[in-house]
Asks: 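First the structure, which I've put down as structure tokens, then a few questions once you've had a look.
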Amino acid sequence: EAQVTQNPRYLITVTGKKLTVTCSQNMNHEYMSWYRQDPGLGLRQIYYSMNVEVTDKGDVPEGYKVSRKEKRNFPLILESPSPNQTSLYFCASSLSGRDNQPQHFGDGTRLSIL
Amino acid sequence: LAKTTQPISMDSYEGQEVNITCSHNNIATNDYITWYQQFPSQGPRFIIQGYKTKVTNEVASLFIPADRKSSTLSLPRVSLSDTAVYYCLAWENFVFGPGTRLSVLP
């Protein structure tokens, strides 16, 4: 089954403790991205990747890192999480970064930073 | 930028046809119009995409007039399970606005 898989689905942690949210897709997609969703602010893009070893900042990249060493994986790294990063996070992928290629989203990761 | 504008919310009743219109006055020649559906605590799900005229699939229809400055998502005979937020995207595939919150009532 074609899917985007995120782990963990839920995480409660404390300020400053490094964490990684993994994202994997099995559709051989070139384009992958991370969003956060907050009430009243909608979906905002954090980082995206057009292909392996190519990453770019989205609208809200501060406090986040990503890497794209393999085509299927696109982990989101919070080196020193802070409470304002408490949010619902989604990973997505598409065949390419062109707008006629729909994005496939994971089920989300709910992060709570205390 | 082809910013999209759509109603913040809509109510409907089961069995009715729902039409959600999105305006995108500055859409560029190469831009596609894409609609997604999102249920609470789930990721957005692709519904339908079009460039011009009419597109239909098993879930919805998308109507795009000749000037392409707007588009209408049509959901035939909605059910309670169609209660969700619907997003219209034009231009960059990753720019999500606030969407339209559709509530289907019994």
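Since this is a predicted model, take the numbers as computed values, not measurements.
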Asks: Would you mind checking which part of B:P98 comes under 4.5 Å of any heavy atom in chain A, side chain (CB onward), backbone (N, CA, C, O), both or neither?
Replies: neither
Asks: Heavy-atom distance under 4.5 Å to chain B: side chain of A:Q6, backbone, both or neither?
Replies: neither
Asks: On the ring face of A:Y47, is A:R68 found with NZ or CZ under 6.0 Å from the centre and within 45° of the axis?
Replies: no
Asks: Sort and list the pairs that fulfil ring-ring contact (aromatic ring centres under 6.0 Å, His included) and have at least one residue in residues 78-98 of chain A, not counting sequence neighbours.
Replies: A:Y64-A:Y89
Asks: With a 4.5 Å heavy-atom cut-off, do A:V4 and A:C23 have their side chains touching?
Replies: yes
Asks: At a 4.5 Å cut-off on heavy atoms, which part of B:Y51 comes close to chain A: side chain, backbone, both, or neither?
Replies: neither
Asks: Within the 4.5 Å heavy-atom criterion, are A:W34 and A:F74 side-chain neighbours or not?
Replies: yes
Asks: Which bit of A:R110 is near chain B, if near means a heavy-atom gap under 4.5 Å: side chain, backbone, both or neither?
Replies: side chain
